[in-house]
Q: 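Quick one: this structure, given as structure tokens, is what I'll be asking you about.
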Amino acid sequence: MTTKNEDWRHAAALDLRGLQCPLPVLKARKTLLSMKPGDRLLVEATDPLATIDFPAFCNETGHRLVTTAQQDGVLRFLIERAKV
């Protein structure tokens, strides 16, 4: 899902492995609201629906899905908080 050269720097991280939809998106949303515009949040999840939920969430809220990756059943999403 990603190249090895991606920049995964982030200001905060959430380990949401084991949680099912809609909890990963809801917890990420709450964390993003407390972050500064432009800050990045790293989310790790295992719910297969997260591959649909996080892109849709970012599209609806204006946050930017910077990159994604998957390894050993763990999905990683790097989300940049919207400017507004």
Side-chain angles (χ1 to χ4, degrees):
M1 280 170 120
T2 187
T3 63
K4 293 183 181 189
N5 296 329
E6 292 291 345
D7 178 4
W8 284 89
R9 287 181 290 177
H10 53 278
L14 286 176
D15 181 351
L16 304 175
R17 291 178 275 188
L19 297 180
Q20 299 300 309
C21 178
L23 289 176
V25 168
L26 293 176
K27 289 185 177 284
R29 179 182 177 271
K30 183 178 180 181
T31 300
L32 284 162
L33 288 173
S34 69
M35 297 173 69
K36 296 176 188 172
D39 280 353
R40 291 177 168 188
L41 173 65
L42 173 64
V43 176
E44 292 186 334
T46 51
D47 181 3
L49 291 178
T51 59
I52 298 167
D53 293 343
F54 278 103
F57 165 72
C58 290
N59 188 47
E60 291 173 10
T61 60
H63 301 305
R64 183 168 76 98
L65 185 57
V66 177
T67 191
T68 62
Q70 181 176 2
Q71 183 175 5
D72 299 327
V74 177
L75 304 164
R76 299 176 78 207
F77 304 90
L78 186 62
I79 302 167
E80 184 176 286
R81 188 182 187 303
K83 301 290 184 201
V84 179

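The first residue in the sequence is number 1, and the count goes up from there. These figures come from a predicted structure and were not determined experimentally.
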Q: Between R40 and D7, is the side chain to side chain contact (heavy atoms under 4.5 Å, CB included) condition met? List the steps.
A: CA-CA 11 Å; R40 291 177 168 188; D7 178 4; 3.9 Å; yes
Q: L14 and L26: same hydrophobic cluster, using ILVMFWY side-chain contacts below 4.5 Å?
A: no
Q: Of the non-hydrogen atoms in C21 and L49, which two are nearest, and what is the gap between them?
A: CB-CD1, 4.2 Å
Q: Give the minimum heavy-atom separation between W8 and T68, together with the two atoms involved.
A: CH2-C, 4.0 Å
Q: Using the rule that two of Ile, Leu, Val, Met, Phe, Trp, Tyr join whenever any of their side-chain heavy atoms come within less than 4.5 Å, decide whether I52 and F54 are in one cluster.
A: no
Q: Minimum heavy-atom separation for A28 to V43, with atom names?
A: CB-CG2, 4.2 Å
Q: Return the OG1 to CG distance between T61 and L33, rounded to the nearest 0.5 Å.
A: 9.0 Å
Q: Grab the two heavy atoms, one from P48 and one from T51, that are nearest each other, plus how far apart they are.
A: O-OG1, 2.9 Å
Q: Can you list, pair by pair, the side-chain donor-acceptor contacts under 3.5 Å of residues 71-84, counting residues two or more places apart and other chains?
A:
residue, atom, partner, partner atom, Å
E80, OE1, R64, NH2, 3.3
R81, NE, L32, O, 2.7
R81, NE, M35, O, 2.8

Q: Indicate the atoms forming the closest heavy-atom contact of L65 with P55, along with that distance.
A: CD2-CG, 3.8 Å
Q: Measuring from T46:OG1 to L16:CG, what's the distance to the nearest 0.5 Å?
A: 9.0 Å
Q: Got a sec, which pairs hit salt bridge (charged side-chain N to carboxylate O under 4.0 Å, His left out) with one end in residues 21-33, sequence neighbours left out?
A: none
